[in-house]
Amino acid sequence: MDIEIIPCLNDNYSYLIKDDKTNIVAIIDPSEFGPCDEKINKKYKKLDFILNTHHHFDHIGGNIELKKKYGSKILGFEDDKKRIPKIDVLLKDGQEFNIGNIIFKTIYIPGHTSGHIAFYSKKEKVVFTGDTLFSLGCGRVFEGTYQQMFESLNKIKNLPGDTEIYCGHEYTKNNFEFCIKFNPNNNYLKDKEKVINAKIKNGKPTIPSTIREEIQTNIFLRYDDLDVKGALNLKNASDLEIFRKLRDLKDNF
Ligand code: ZN
Ligand code: FE
């Protein structure tokens, strides 16, 4: 599978993918028409499918114009049928679908929004996580509960360690500053800082990361780390309480 990262808006990423065997082309979360259309035009001149992780404008902004130009089919979560413009295929939790020969599984991960999903291909070892799991961070809890967001993150955390994570935003640098503040003795994090800085200096995305790297460095997956608990002064708190505290602190970071 070919994956092309398309920077959009301020800090969004849309992802253009192609199945090499069948030449079927899809885009995940087209934030806006312009940059997505430019890349499609340059590479493939067609777009078979549009996949949306959730209904926020910075993930669906290109839907209508792209569908109009390329006649693409739009896939999204069933409960978001009124919130995703021009949706064609209503996906259920656990539902599999094909992009050419690539099989994707829909994973329902509410919290950021009530209809948020991830797209996971076991064989290709990739997951598109939208605004739920970021590199070194997670999305704000807007429509769901902390408990839902916590469980959603754990669903992703349980995917195989070598799965590559493609998320909705380039927030990694700011996320790093938060992680190191409350997990100051994490050496994986210190190593990761060098990698992040080098990529940013060269104008490159810090994406993708992997499940293994995120478990080692992303504080929102490290609610059971004693260093984190100590930094928060919450040694006896439950995992969910730690997660809630971290999310609240990050909202005002
Ligand atoms: Zn969002
Ligand atoms: Fe977003």
Side-chain angles (χ1 to χ4, degrees), residues 3-17 26-36 39 50-66 74-87 91 93 106-120 126-156 164-178 200 205-209 214 218 220-221 243-244 246-248 250-253:
I3 303 178
E4 173 94 27
I5 302 177
I6 308 173
C8 289
L9 303 173
N10 273 339
D11 49 31
N12 276 82
Y13 288 134
S14 302
Y15 299 105
L16 186 64
I17 65 174
I27 196 161
I28 292 120
D29 285 353
S31 306
E32 52 179 339
F33 177 74
C36 295
K39 192 62 77 177
I50 296 169
L51 278 50
N52 293 132
T53 61
H54 66 296
H55 76 283
H56 282 158
F57 79 96
D58 60 316
H59 299 256
I60 59 162
N63 272 22
I64 292 174
E65 278 175 280
L66 288 172
I74 298 177
L75 288 70
F77 190 57
E78 53 179 351
D79 290 0
D80 270 348
K81 67 168 185 273
K82 295 211 173 74
R83 305 203 291 184
I84 292 179
K86 299 280 177 192
I87 192 167
L91 298 169
D93 183 21
T106 309
I107 307 177
Y108 180 49
I109 44 171
H112 178 69
T113 69
S114 58
H116 201 300
I117 51 177
F119 303 110
Y120 171 56
V126 294
V127 63
F128 295 90
T129 57
D131 287 357
T132 299
L133 180 68
F134 296 124
S135 184
L136 302 185
C138 75
R140 286 175 188 256
V141 179
F142 284 130
E143 295 175 0
T145 63
Y146 289 88
Q147 172 96 38
Q148 279 180 322
M149 190 62 164
F150 178 74
E151 286 168 10
S152 294
L153 289 169
N154 280 322
K155 279 191 200 175
I156 300 170
E164 291 190 319
I165 303 164
Y166 291 87
C167 61
H169 290 267
E170 180 60 67
Y171 289 157
T172 314
K173 180 71 182 169
N174 176 271
N175 287 342
F176 167 80
E177 301 298 344
F178 182 78
I200 290 174
T206 62
I207 306 309
S209 131
E214 291 306 312
N218 186 330
F220 291 97
L221 304 179
F243 171 72
R244 176 192 294 268
L246 288 168
R247 190 53 264 176
D248 286 345
K250 182 67 164 64
D251 283 352
N252 299 301
F253 184 66

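As the structure lists them, so they are numbered: ligands from 1, and atoms in each ligand from 1.
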Ignoring water, what protein N, O or S atoms are under 2.8 Å from the Zn ion (ligand 1)?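 Protein N/O/S atoms under 2.8 Å of the Zn ion (ligand 1): H54 NE2, H56 ND1, H112 NE2, D131 OD2.
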In terms of the angle between their ring planes, are H54 and H56 parallel, tilted or perpendicular, with boundaries placed at 30° and 60°?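 It falls in the perpendicular class, over 60°.
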Specify whether F178 and F220 have parallel, tilted or perpendicular ring planes, treating 30° as the upper limit for parallel and 60° as the lower limit for perpendicular.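 Ring orientation, 0 to 90° scale: parallel.
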Between T113 (side chain only) and E143 (backbone N and O only), is there a donor and an acceptor less than 3.5 Å apart? no
In the protein, N/O/S atoms that are found under 2.8 Å from the Fe ion (ligand 2), waters not counted: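 Listed by chain and number, the atoms are D58 OD2, H59 NE2, D131 OD2, H169 NE2.
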T132 versus H116, side-chain donor and acceptor atoms under 3.5 Å: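 T132 and H116 do have a side-chain donor-acceptor pair below 3.5 Å.
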G168 versus D131, closest heavy-atom pair with distance: CA-OD1, 4.0 Å
Could you walk me through whether K173 and E177 pass salt bridge (Lys or Arg N to Asp or Glu O under 4.0 Å), step by step? CA-CA 7 Å; K173 180 71 182 169; E177 301 298 344; 3.8 Å; yes
Tell me if the aromatic rings of Y108 and F77 count as close, with their centers under 6.0 Å from one another.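 Ring centroids of Y108 and F77 are less than 6.0 Å from each other.
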What's the spacing between E4 CD and I17 CD1 if we round to 0.5 Å? 12.5 Å
For the pair R247 and D251, evaluate salt bridge (Lys or Arg N to Asp or Glu O under 4.0 Å) and give the outcome as yes or no after the intermediate values. CA-CA 6 Å; R247 190 53 264 176; D251 283 352; 2.7 Å; yes
